[in-house]
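Note that the numbering runs from 1 along the sequence shown for the chain.
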Amino acid sequence: MSEKNYLTLAIKLFQKAYEFQMGNDFDSAEEYYRKSIDICPTAEAYTFLGWTYSFQGKLDEAIAQCKKAIEIDPEFGNPYNDIGAYLIELGEYDEAIPWLEKAILAKRYEPRHYPHFNLGRIYLSKGMINKALEELAKSLDLCPDYVFAKEAIDKIKLSLN
């Protein structure tokens, strides 16, 4: 099989895994992400496998998969943000900050508002209201319709009144 055919098959397996994941069939999603990775390891497949593990509450495994994604493509921002988000879930706020800052700087990353939102969550939990508002505002600058950032800002402002 040619390299192009391997890549085409890996993409099809990745897409099938994503369908399973969106249907909450995480065991099948894991199986198909792994098949895709076996054929052609990509940062995306490792990141989404990590995301699958996060839905199962396996945050340490999710972080490990994101680190594999970063090894393959250090310019891909999603795994940095995901690691930060998983560390927030684990209550490890200080450890999450550098990962989120790396996500912000990553060259290949589309939803750039997420790491700012996650930093806002951290700063809010630490009582650093001004820094939280600053990060949440950056999130909204990048994605004006991001409801969670709007709600967080409104909640902070309401508590300050």
Side-chain angles (χ1 to χ4, degrees), residues 1-123 135-136 138-152:
M1 190 180 297
S2 73
E3 188 175 317
K4 182 181 176 187
N5 289 343
Y6 278 115
L7 181 58
T8 300
L9 179 57
I11 290 169
K12 286 181 182 179
L13 291 167
F14 176 91
Q15 290 168 337
K16 187 69 176 171
Y18 183 77
E19 290 173 21
F20 282 125
Q21 184 176 359
M22 292 300 100
N24 295 326
D25 183 351
F26 303 121
D27 291 336
S28 296
E30 177 186 357
E31 176 186 347
Y32 278 81
Y33 284 130
R34 289 212 174 276
K35 287 180 181 182
S36 177
I37 289 166
D38 287 344
I39 292 170
C40 181
T42 64
E44 291 82 359
Y46 278 117
T47 300
F48 278 71
L49 177 57
W51 195 28
T52 298
Y53 286 143
S54 76
F55 286 128
Q56 297 172 310
K58 301 175 184 176
L59 297 180
D60 290 333
E61 291 179 51
I63 290 169
Q65 297 308 310
C66 287
K67 287 180 178 178
K68 290 178 183 178
I70 292 166
E71 287 176 22
I72 290 176
D73 184 358
E75 299 301 326
F76 186 48
N78 298 58
Y80 295 106
N81 180 71
D82 291 357
I83 290 172
Y86 304 149
L87 289 169
I88 290 170
E89 293 301 312
L90 292 169
E92 298 176 14
Y93 302 120
D94 291 331
E95 292 83 355
I97 292 171
W99 293 101
L100 298 169
E101 290 171 343
K102 288 177 183 177
I104 290 167
L105 298 174
K107 290 182 181 173
R108 193 166 75 86
Y109 189 42
E110 288 303 314
R112 291 195 176 274
H113 61 287
Y114 289 144
H116 289 291
F117 176 75
N118 285 326
L119 283 169
R121 291 171 53 200
I122 290 171
Y123 293 133
E135 291 298 333
L136 293 167
K138 287 178 186 176
S139 181
L140 274 182
D141 286 344
L142 293 166
C143 184
D145 296 327
Y146 191 46
V147 174
F148 294 114
K150 285 180 185 180
E151 289 175 352

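Heavy atoms from other residues, nucleotides or ligands lying under 6.0 Å from CZ of F148 number 12 at most.
Neither side chain, Y46 nor E71, offers a donor N or O lying under 3.5 Å from an acceptor on the other.
F26 places none of its side-chain heavy atoms less than 4.5 Å from the side chain of W51. Counting heavy atoms from C-beta outward, I72 and P41 have side chains that approach closer than 4.5 Å. When side chains are defined from C-beta on, W99 counts as touching I70, because their heavy atoms get closer than 4.5 Å. Within the 4.5 Å cutoff, the side chain of E110 has no heavy atoms near those of the N78 side chain.
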Item to check | Evaluation steps, side-chain hydrogen bond (donor to acceptor under 3.5 Å, both in side chains), between E30 and Y53 | outcome: CA-CA 8 Å; E30 177 186 357; Y53 286 143; 2.8 Å; yes
Checklist entry - Are E135 and F117 close enough, and set up right, to give a side chain to side chain contact (heavy atoms under 4.5 Å, CB included), and what steps lead you there? => result CA-CA 6 Å; E135 291 298 333; F117 176 75; over 6 Å; no
Item to check | Step-by-step salt bridge (charged side-chain N to carboxylate O under 4.0 Å, His left out) determination, K16 to E31 | outcome: CA-CA 10 Å; K16 187 69 176 171; E31 176 186 347; over 6 Å; no
Checklist entry - Given the rule in the ring pair (Phe, Tyr, Trp, His ring centres under 6.0 Å) test, do Y33 and F14 qualify, once you have shown the distances and angles that lead to the verdict? => result CA-CA 6 Å; Y33 284 130; F14 176 91; 5.4 Å; yes
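Pairing each heavy atom of I39 with each of Y6, the nearest pair is CG2-O, 3.2 Å. Residues S139 and H116 approach most closely at N-CB, 3.8 Å, considering heavy atoms. Heavy-atom minimum distance, L100 versus P115: O-CB, 3.6 Å.
In this structure, CD1 on I83 lies 12.5 Å from CD1 on I88, to the nearest 0.5 angstrom. Put simply, CD on E19 and OH on Y32 are 10.5 Å apart, with the number rounded to the nearest 0.5 Å. The distance from the NZ atom of K68 to the CG atom of L49 is 8.0 Å, given to the nearest 0.5 Å.
Between Y109 and F76, a ring centre-to-centre spacing not shorter than 6.0 Å is recorded.
K150 forms no cation-pi arrangement with Y146, by the criterion of a distance under 6.0 Å to the ring centre and an angle within 45° of the ring axis.
A donor-acceptor distance shorter than 3.5 angstrom exists from the side chain of Y80 to the backbone of P74, with no hydrogens or angles considered.
Between Y18 and F48, the ring planes are perpendicular. Angles over 60° get that label, and only those under 30° would be called parallel.
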